[in-house]
Amino acid sequence: MPVKTTTDNSGKVIKVVIIDTSGSVAVVYNHGATITSWVSQGKERLFLSKNAVFDNQKPIRGGIPIVFPQFGPGDIRQHGIARINYWEFLGYKDEINGVKAKFLLKDSEATKEWIHSFRLTYTILLSENNLSLSLECTNTDTSPFTFTTLLHTYFRTLDVSNVKVGGLKNLKYNDKVTKQENLVEDREAVTVSKSEDRIYYNAPETVIVDLGSNERISIEKKNFNDIGKYDTSVLFTITWFIIVFWNPWEELSKGMSDFGDEEYKEMVCVEAGTVGEPISLEPGYEWKGEMTLTVL
Ligand SMILES: O=P(O)(O)OC[C@H]1O[C@H](O)[C@H](O)[C@@H](O)[C@@H]1O
């Protein structure tokens with residue numbers, strides 16, 4: 001079977017393991033539709049904290065949590081409601097190039113902190129070297145809404161001091177650590193040697209994350225843009241492609257109960273999304289963003 005599910009005592013699916021014939025495996029918790037593990041070519045590619053909490057309340061620390069409909073702090077809780085809600089597993093399909101699994105989150109009592117009616121579909125396509133993720137948002141409300149969204153990928157590395165992120169040179173960025181805005185990246189390869197929290201704007205289609213130990217993964221943005229019918233303002237805002245670059249480093253790590261004190265050495269977050277100008281969606285309209293991770 002390309003998919004194995006785990007259920008709780010009431011028969012509710014709580015975990016889905018996707019297995020491709022190549023041997024690649026992805027583990028998805030229905031809580032947040034959080035991918036907590038991606039093994040490709042026999043190696044774990046994602047970081048998951050040993051202190052991650054699986055209480056179906058807190059976001060899971062590591063893997064790929066989904067940030068929606070708000071990046072960071074704001075009107076509702078930090079990073080929104082998608083990562084702390086139960087997503088229904090809609091099923092799987094064998095594809096020529098892998099296995100596809102689908103998850104759904106709709107507005108409910110549990111999401112009403114964000115007042116809008118919406119439907120979010122998350123499609124995961126696992127193949128030998130790729131993890132392709134597609135997030136679709138439909139406005140099922142009677143009035144327009146806006147949102148920001150991001151796939152908060154935690155990459156695993158054996159040594160963060162060897163990490164290099166390429167493809168960000170000449171991009172404008174905001175540094176949330178030093179609170180400086182409108183800076184321009186002048187490095188060919190961005191490295192980590194201190195607490196980092198940056199938002200790079202208008203990133204190119206492909207960003208390469210060199211994790212050291214001959215492990216390189218590309219992040220490719222495919223259509224972080226619209227499908228279907230849109231008004232022109234939407235067409236404008238969706239062209240944003242943001243990369244957030246984050247590592248809490250020593251001091252902040254100690255303040256995080258669900259993160260080991262030394263684990264900042266084993267991870268780097270490089271997150272693709274649209275968090276600059278919020279996406280605005282009219283009732284009945286749909287937005288779709290896609291990210292493909294490829295082991296190089
Ligand atoms: O601790 P969390 O709510 O999961 O957020 C973890 C991090 O997410 C992003 O990378 C933000 O840019 C950071 O400011 C934030 O600290």
Side-chain angles (χ1 to χ4, degrees), residues 6 8 14-18 24-40 42-68 70-73 77-87 103 122 124 126 131 133 149-163 165 176-177 191-198 209-213 215 217 219 243-273 291 293 295:
T6 305
D8 66 8
I14 51 169
K15 185 168 113 177
V16 177
V17 180
I18 310 167
S24 293
V25 179
V27 177
V28 192
Y29 279 79
N30 293 68
H31 181 64
T34 312
I35 300 175
T36 55
S37 166
W38 169 39
V39 174
S40 171
K43 277 189 193 165
E44 178 58 67
R45 306 293 170 170
L46 300 178
F47 165 85
L48 176 67
S49 172
K50 61 177 178 355
N51 296 347
V53 178
F54 291 84
D55 64 356
N56 294 331
Q57 306 285 326
K58 273 180 166 261
I60 297 170
R61 176 68 66 196
I64 313 183
I66 300 171
V67 169
F68 176 92
Q70 173 192 289
F71 172 69
R77 74 182 66 214
Q78 159 105 342
H79 293 342
I81 44 148
R83 65 176 182 165
I84 47 120
N85 268 286
Y86 180 86
W87 290 59
F103 293 82
Y122 191 40
I124 300 170
L126 176 73
L131 186 66
L133 308 173
T149 184
L150 175 139
L151 297 174
H152 199 305
T153 309
Y154 288 75
F155 290 103
R156 177 181 172 276
T157 173
L158 295 178
D159 182 355
V160 74
S161 62
N162 293 330
V163 168
V165 183
K176 295 208 290 187
V177 177
T191 54
V192 202
S193 57
K194 57 181 181 356
S195 173
E196 295 287 7
D197 196 352
R198 295 168 172 226
V209 186
D210 184 337
L211 294 154
S213 329
E215 289 183 52
I217 295 178
I219 306 176
I243 284 288
V244 175
F245 182 62
W246 181 65
N247 183 297
W249 216 249
E250 209 170 341
E251 206 183 322
L252 287 183
S253 299
K254 291 191 176 128
M256 288 157 65
S257 62
D258 59 352
F259 191 84
D261 288 357
E262 301 284 317
E263 285 187 322
Y264 69 91
K265 296 174 184 166
E266 299 163 27
M267 55 72 69
V268 64
C269 284
V270 185
E271 312 155 30
M291 175 177 90
L293 304 180
V295 175

Short side-chain to backbone donor-acceptor contact, T149 and V67, under 3.5 Å: yes
Plane angle bin for Y154 and W246 - parallel if under 30°, tilted between 30 and 60°, otherwise perpendicular: perpendicular
side-chain contact (heavy atoms from CB on, under 4.5 Å) evaluation trace for E271 with T153: CA-CA 5 Å; E271 312 155 30; T153 309; 5.5 Å; no
Side-chain heavy-atom pair I14, H31 within 4.5 angstrom cut-off: no
Smallest separation among heavy atoms of L126 and I18, with atom names: CD2-O, 3.4 Å
Main-chain N/O of R156 paired with E266 side-chain donor or acceptor, under 3.5 Å: no
D197 versus V177, closest heavy-atom pair with distance: N-CG2, 3.5 Å
Pairwise side-chain contact, I35 with L133, heavy-atom cut-off 4.5 Å (strictly under): yes
R198 CZ to I243 CD1 distance, which is reported to the nearest 0.5 Å: 13.5 Å
Minimal non-hydrogen separation, N30 against K15, with atom names: OD1-N, 3.2 Å
Non-hydrogen side-chain atoms of K43 and V295 separated by less than 4.5 Å: no
Spacing of CG belonging to N247 relative to CD belonging to E250, to within rounding of 0.5 Å: 11.0 Å
Distance, nearest 0.5 Å, that separates NZ of K50 from CZ of R61: 13.0 Å
Pair E263 + K265, salt bridge at N-O below 4.0 Å: no
Heavy-atom pair of closest approach, residues D261 and K254: OD1-CA, 3.7 Å
E262 and S253: side chain donor to acceptor below 3.5 Å: no
Close side-chain approach of L151 and I66, heavy atoms under 4.5 Å: yes
E215 side chain near F155 side chain, heavy-atom distance below 4.5 Å: no
P248 side chain reached by M256 side chain, heavy atoms, under 4.5 Å: yes
Chi angles and distances behind the side-chain contact (heavy atoms from CB on, under 4.5 Å) call for L48, I60: CA-CA 8 Å; L48 176 67; I60 297 170; 3.7 Å; yes
Parallel, tilted or perpendicular, as decided by the 30° and 60° cut-offs, for the rings of W249 and Y264: tilted
side-chain contact (heavy atoms from CB on, under 4.5 Å) evaluation trace for W38 with I217: CA-CA 12 Å; W38 169 39; I217 295 178; 4.1 Å; yes
Closest approach of I64 to L46 (non-hydrogen atoms, all atoms of both residues): CG1-CD1, 3.9 Å
Backbone of F71 reached by a side-chain donor or acceptor of H79 within 3.5 Å: no
Beyond-backbone contact of F259 with L252, side-chain heavy atoms, under 4.5 angstrom: no
Heavy-atom pair of closest approach, residues M267 and T157: N-CG2, 3.6 Å
CZ on R45 to CG on L131, rounded to 0.5 Å: 11.5 Å
Between N51 and S49, a side-chain donor and acceptor under 3.5 Å: no
Heavy-atom neighbours of Q78 CD exceed 12 at 6.0 Å: yes
Flag side-chain contact, heavy atom, 4.5 Å: Y122 against V28: no
